[in-house]
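The structure under discussion appears below in the form of structure tokens.
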Amino acid sequence: MAVDKSNYLSSKLQNLEESATLRMTKLARELKGQGHDVISLSIGEPDFDTPQFIKEAAKQALDDGYTKYTPVNGLPELRQAICDKLLRDNGLEYTPEQIVVSNGAKQSISNLANALLDPGDEVIIFTPYWVSYFDIVKLAGGVPIAVKAGIENDYKVTANQLQSAITPKTKLVIFSSPCNPTGSVYTKEELSELVTVLDKYDSLFIASDEIYEYINFGERHTSIASFEGVKDQVVTINGMSKGFAMTGWRIGYTAGPLWLAKACTKVQGQVTSGASAFGQKAAVEALKAGASASQSMKESYLRRKKLVQSLLADIQGIKINDPQGAFYIFPDISYYFGKSNGSITINDADDFAEIILHRAHVAIVSGSAFGDPNSFRLSYAASDDRLTEAIKRIKNVLKDFV
Ligand code: PMP
Ligand code: GLU
């Protein structure tokens with residue numbers, strides 16, 4: 001048998017968590033492989049296919065010979081399309097040199113962390129956070145600092161909390177709005193209060209992850225970079241995966257100060273080079289169409305949100321939030337901690353997710369993966385029928401826990 005020498009792995013790697021969203025999705029796949037009817041609501045991925053006109057643009061690009069390396073920071077026409085989009089949708093003025101196209105927004109965040117962080121630099125992460133922020137920061141040598149908001153504040157961090165968390169070592173603040181995992185959206189007023197704090201620290205940077213921008217059920221999306229005073233500190237992160245249902249295409253991007261764009265390009269140039277050429281050409285067409293390309297998907301997400309809320313509200317002890325964007329709901333299930341069905345006890349959110357997977361055959365993700373041990377994340381990017389069936393099964397399992 002092959003000897004396991006994993007103790008030789010770097011200490012950096014030994015401290016790295018596996019992505020919990022991807023792990024749950026893998027477990028669900030395995031159970032399915034054993035013949036079980038598993039409903040997978042664990043991964044944050046649109047269940048829609050990429051719109052046809054975007055696929056056609058990629059096919060055309062292949063025929064036109066877009067099969068070679070592109071500039072590391074992206075094709076000039078895509079960077080121009082991103083600038084046009086940022087001006088049209090967000091009132092933000094950037095030049096194409098300030099844009100870096102990456103292999104997904106995940107790489108955009110990783111580039112930024114590697115470009116900015118020295119060992120020991122602190123990174124404030126609004127919590128609940130998207131699962132990979134913590135480990136991307138750790139891999140880059142930074143120290144993640146979770147600043148936590150609970151369901152009672154719609155999972156949103158206040159300016160006072162932010163102010164109290166800043167130390168001389170703070171280099172970066174990361175948050176997403178609309179938020180993965182909670183679906184919360186920071187209003188213009190709330191962002192403005194955060195800006196009042198951030199504006200005081202010239203050497204503090206802000207990674208604003210706006211990848212769910214087009215899946216926003218409330219007021220018009222506001223980019224934090226649009227506030228006077230902080231634009232030089234902000235790197236706006238966005239991408240094609242969510243709004244355009246293009247997760248497999250691997251195209252994300254950043255807009256930020258020129259010196260940081262150059263640094264991120266340098267990092268990427270040594271790690272992966274540019275994103276796929278024909279994917280970038282297709283992204284140009286997607287961005288030209290903008291939010292109109294995802295309007296019908298957004299309407300479906302809103303309908304499903306309401307469905308899921310009404311079904312979950314009917315389960316004893318579950319406290320639900322009212323997400324204003326993305327396609328997640330993040331119910332608080334702490335009521336069930338310590339409750340038993342006679343043979344097993346739910347001690348925490350990890351137990352909860354595991355019991356629901358094995359007894360209800362529904363894959364969700366424990367809140368602990370997102371820094372909140374009282375909750376779980378359910379992705380409602382699934383059909384109405386599957387969502388209805390999933391919540392019926394969850395309810396059925398939970399009724400025995402007293
Ligand atoms: N940020 C957030 C908040 C996300 O939910 C995701 C989806 N995994 C990403 C970034 C990364 O997206 P991608 O790499 O697919 O562009
Ligand atoms: N962003 C998605 C999620 O949160 C995709 C999975 C991942 O990249 O971790 O589930």
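Every number for a ligand or one of its atoms is a count from 1 in the order of the listing. Positions are given from 1, in the same order as the sequence printed here.
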**OP:** Just jot down the ligand 2 atoms closer than 4.0 angstrom to any heavy atom of R377, in number order.
**Re:** 3 (C), 4 (O), 10 (O)

Original post:
Under 3.5 Å between some N or O of ligand 1 and some N or O of S241?
Top reply: yes

**OP:** Using the six-membered ring wherever Trp is involved, compare the ring planes of H36 and H361 and label them parallel, tilted or perpendicular (cut-offs 30° and 60°).
**Re:** tilted

**OP:** Would you check the N or O atoms of R250, main chain and side chain alike, for any that come under 3.5 Å of an N or O of ligand 1?
**Re:** yes

Original post:
Tell me, which protein residue and heavy-atom name are nearest atom 9 (O) of ligand 2, and how many Å apart are they?
Top reply: T21 OG1, 2.7 Å

**OP:** Report yes or no: does a heavy atom of G104 sit under 4.0 Å from some atom of ligand 1?
**Re:** yes

Subject >> N/O separation below 3.5 Å, K106 to ligand 1 >> reply: yes

Original post:
If we only count N/O pairs under 3.5 Å, is I251 in contact with ligand 1?
Top reply: no

**OP:** Give the contacting part of E45 toward ligand 2: side chain, backbone, both or neither, where contact means a heavy-atom distance below 4.0 Å.
**Re:** neither

Original post:
Applying a 4.0 Å heavy-atom criterion (strictly less than), which segment of N180 is in contact with ligand 2: side chain, backbone, both, or neither?
Top reply: side chain

Original post:
Heavy atoms only: which of K242, M24, K106 is nearest to atom 8 (O) of ligand 2?
Top reply: K106

Subject >> Heavy-atom nearest neighbour of atom 10 (O) of ligand 2 within options S19, A381, G44 >> reply: G44

Subject >> Nearest neighbour in protein (non-hydrogen) for atom 10 (C) of ligand 1 >> reply: W130 CZ3, 3.3 Å

Original post:
So, is the end of the K242 side chain (NZ or CZ) under 6.0 Å from the ring centre of F327 and within 45° of the ring's axis?
Top reply: no

Original post:
Roughly how far, to the nearest 0.5 Å, is CD of E189 from CG of L194?
Top reply: 11.5 Å

Subject >> Residue part near ligand 1, for Q107, under 4.0 Å between non-hydrogen atoms >> reply: neither

Original post:
What part of R23 sits under 4.0 Å from ligand 2 if we count only heavy atoms: the side chain, the backbone, both or neither?
Top reply: neither

Original post:
For ligand 1, does M240 get within less than 4.0 Å through its side chain, its backbone, both, or neither, judged by non-hydrogen atoms?
Top reply: neither

Original post:
For ligand 1, which atoms sit closer than 4.0 Å to a heavy atom of Y212?
Top reply: 3 (C), 4 (C), 5 (O)

**OP:** For the pair D49 and K55, find out whether any cationic side-chain nitrogen is under 4.0 Å from an anionic carboxylate oxygen.
**Re:** yes

**OP:** Would you mind checking if K305 and D322 are paired as a salt bridge, meaning a charged N to carboxylate O distance below 4.0 Å?
**Re:** yes

